[in-house]
Amino acid sequence: MTVALQDRFLRALPELAVRWQADAPPDARLLVLNEPLSGELDLEAGWLRSADGVRFLVGTLLPEGAAPVAQAYAGHQFGGYVPRLGDGRALLLGELATADGRLRDIHLKGSGPTPFARGGDGWAVVGPMLREYVVSESMHALGIPTTRSLAVVGTGRPVQRETVLPGALLVRVASSHLRVGSFQYAAFTGDLELLRRLADHTIARHHPDAAEAERPYLALFEAVVAAQASLIAQWMLVGFVHGVMNTDNMTISGETIDYGPCAFMEAYDPETVFSSIDHWGRYAYGNQPVIAGWNLARFAEALLPLLAEDTQEAIALAEQAFGVFRTRYDAVWSSGMQAKLGLSTAATLVDELLPMLQESRVDYTSFFRHLAKAARGDGETARGLFVDLARFDGWLSRWQALGPDAELMDRVNPIYIPRNHLVEEALAAATDGDLGPVERLLDAVTHPYAERPGLQRYANPAPRDFGAYRTFCGT
């Protein structure tokens, strides 16, 4: 088939791009293909499974006119500023226009070292690439804005980590890969026209209404703040912990990106941390709204020269515009929690519930499905989760008196999420060449709301002997 990839990013912002080619894998083998997504992209699944299709997926068979690039960006990593990061092991193959006119980045992760590799080997391995595939597709099924995963391809290349592991690359799809770090990089150069072109490119691609505003760049800032506030609230509602909320991992589109040391919280605890390198809990579950605000403040700093000629005026405008974060976050969180409880209003009940969940180390995801049974008259399963029965019984009676809607609860509270022990089990099997557990896990988490026979183990928390869970970046 004929695939047309555009090079809009390169043409608009050559200062933020380095022309580069993917390394040819010694033995490329398709491990998993997202056929529903390929259909959305107007890419024939049969062709993608062919030899030529796999060569396209790994970046060695390029459509005519394609111009792959490694993107340049900066970033605050765990609070420390790095002025030059960029795609060290990734490539933007180009932008694909779908039938509805929308642009999607086709992007490789693990395709070899680029000039931004900073001493890294540029490769990726099977486990982390399949983790991103599974978790990003789960997030999509939960209705949370996210980059998507089109395919994972084994490369046949042994990769040295703590041990030698089988190599793989991920084919990622996104509205774009523009990040807060992209703006930090442009601002750091001191080239005001580059910063302005980046902002104009971003407005055209993601927030076109801003172009009609009296102050387009201030409107851009407000739009990004609102998108991120909504996104983080949605993470919090499902118990998702990103794990590495550096500014280079915050998109301008409002999509979740970079599923490195991510995981879903089981026992409710705001201090939950999974990343092996987050020793101080900077990116803990409960800190995510605050960190998002911190990252957006860095975005505002990069934009200041475009907001007003006078720096103090620009700061005042940004501070005022930032108020949309709390308004938007509270609106999404509140309406989401009300729906999870099957109610039209629930502020006081939520404030009372969360400390009880923490005290009893209640599994966050399954609790709301058990609570839906209580809305139907069977409250024993939910009651049995709490150490202070009298306290919970008082809460339960007040909740039941409001007439919760059990059907609504079932529509918004997932049964199946990528449980950490099941993810590890599936990735270990895939590393050894068995993709069956990954396929079964994907089947469960991409249909998260409807209970199905034979899938009970995908709804259960980790067994006690699973122990403390730690995740790694995979580099």
Side-chain angles (χ1 to χ4, degrees), residues 16 71-87 139 144-147 174-188 195 198-199 202 206-207 217-236 240-262 270 273-275 277-278 280-307 314-315 317-330 332-333 473:
L16 302 185
Q71 293 177 303
Y73 44 85
H76 278 85
Q77 300 194 314
F78 287 86
Y81 182 63
V82 182
R84 189 177 186 269
L85 290 170
D87 288 334
M139 294 284 273
I144 298 173
T146 179
T147 58
S175 294
S176 85
H177 285 77
L178 296 168
R179 317 147 187 266
V180 168
S182 305
F183 282 82
Q184 291 181 290
Y185 184 92
F188 185 78
L195 182 63
L198 174 59
T202 301
H206 293 302
H207 304 289
Y217 304 123
L218 185 64
L220 169 63
F221 177 63
E222 289 180 337
V224 175
V225 169
Q228 283 293 334
S230 176
L231 176 66
I232 304 303
Q234 291 177 79
W235 288 1
M236 301 297 285
F240 176 73
V241 183
H242 184 278
V244 61
M245 289 179 65
N246 299 328
T247 57
D248 54 295
N249 290 333
M250 175 172 274
T251 61
I252 301 304
S253 64
E255 292 176 319
T256 312
I257 193 172
D258 202 335
Y259 292 87
C262 66
V273 173
F274 295 112
S275 172
I277 59 175
D278 192 358
W280 303 277
R282 176 181 174 88
Y283 298 145
Y285 167 77
N287 285 350
Q288 291 180 133
V290 173
I291 290 298
W294 191 91
N295 288 350
L296 290 165
R298 308 289 78 77
F299 181 45
E301 288 171 352
L303 282 177
L304 286 179
L306 300 182
L307 300 184
I315 291 172
L317 288 169
E319 288 177 343
Q320 183 179 11
F322 185 75
V324 74
F325 185 91
R326 176 52 61 185
T327 301
R328 182 64 176 157
Y329 179 90
D330 287 348
V332 175
W333 166 260
C473 288

Flag side-chain contact, heavy atom, 4.5 Å: His177 against Tyr73:
no
Rounded to the nearest 0.5 Å, what separates atom CG in Leu303 from atom CZ in Arg298?
12.5 Å
Give a yes or no on whether the backbone of Leu198 and the side-chain of Thr202 come within a donor-acceptor separation of less than 3.5 Å.
yes
Gap separating the OG atom of Ser253 from the NE2 atom of His207, nearest 0.5 angstrom:
7.0 Å
Hey, what's the ring geometry for Tyr81 with Phe188, parallel, tilted or perpendicular (30° and 60° as the breaks)?
tilted
Residues Asp278 and Arg282 bridged, charged N to O under 4.0 Å
no
Do Leu178 and Thr251 pass the side chain to side chain contact (heavy atoms under 4.5 Å, CB included) test, and can you show the C-alpha distance, the side-chain angles, and the key distance before you say yes or no?
CA-CA 6 Å; Leu178 296 168; Thr251 61; over 6 Å; no
I want to check something: taking the side chain as every heavy atom from C-beta on, are Phe299 and Asn295 in contact at a cut-off of under 4.5 Å?
no
Got a second to check how far His242's NE2 is from Ile257's CD1, nearest 0.5 Å?
8.0 Å
Grab the two heavy atoms, one from Gly254 and one from Pro145, that are nearest each other, plus how far apart they are.
O-CB, 3.4 Å
Spacing of Leu307 atom CG and Leu218 atom CG [to the nearest 0.5 Å]
6.0 Å
Closest non-hydrogen atom pair between Gly243 and Tyr283, with its separation
O-CD1, 3.5 Å
Kindly assign one of parallel, tilted or perpendicular to the pair Phe325 and Tyr329, based on the angle between their ring planes and the thresholds 30° and 60°.
parallel
Pairwise side-chain contact, His76 with Asn246, heavy-atom cut-off 4.5 Å (strictly under):
no
Find the distance between OG (Ser176) and NE2 (His206) and round it off to the nearest 0.5 Å.
2.5 Å
Would Val273 and Val241 count as a side chain to side chain contact (heavy atoms under 4.5 Å, CB included) here? Give the steps.
CA-CA 8 Å; Val273 173; Val241 183; over 6 Å; no
Is the closest side-chain heavy-atom distance between Val244 and Ser275 below 4.5 Å?
no
Of the non-hydrogen atoms in Asp248 and Ala74, which two are nearest, and what is the gap between them?
CB-O, 3.5 Å
In terms of side-chain heavy atoms, does Gln184 have a donor or acceptor partner in Thr247 at a distance below 3.5 Å?
yes
For Ala233 versus Val332, what's the shortest heavy-atom pair and its separation?
CB-CG1, 3.6 Å
Closest non-hydrogen atom pair between Ala72 and Tyr185, with its separation
CB-CZ, 3.8 Å
Heavy atoms only: give me the nearest Ala226-Val324 pair and the separation to one decimal.
N-CG1, 4.2 Å
Sub-4.5 Å side-chain heavy-atom contact between Phe240 and Tyr285
no
Any heavy-atom pair between the side chains of Tyr259 and Thr146 that's under 4.5 Å?
yes
Would you check, one step at a time, whether the test side-chain hydrogen bond (donor to acceptor under 3.5 Å, both in side chains) holds for Thr147 with Glu255?
CA-CA 6 Å; Thr147 58; Glu255 292 176 319; over 6 Å; no
For Val224, does its backbone N or O pair with a side-chain atom of Gln228 as donor and acceptor, under 3.5 Å?
no
To the nearest 0.5 Å, how far apart are CG in Asn287 and CH2 in Trp294?
13.0 Å
Between Asp87 and Arg179 (salt bridge meaning N to carboxylate O under 4.0 Å), is one present in this structure?
yes
Main-chain N/O of Met236 paired to Gln288 side chain as donor or acceptor, under 3.5 Å
no
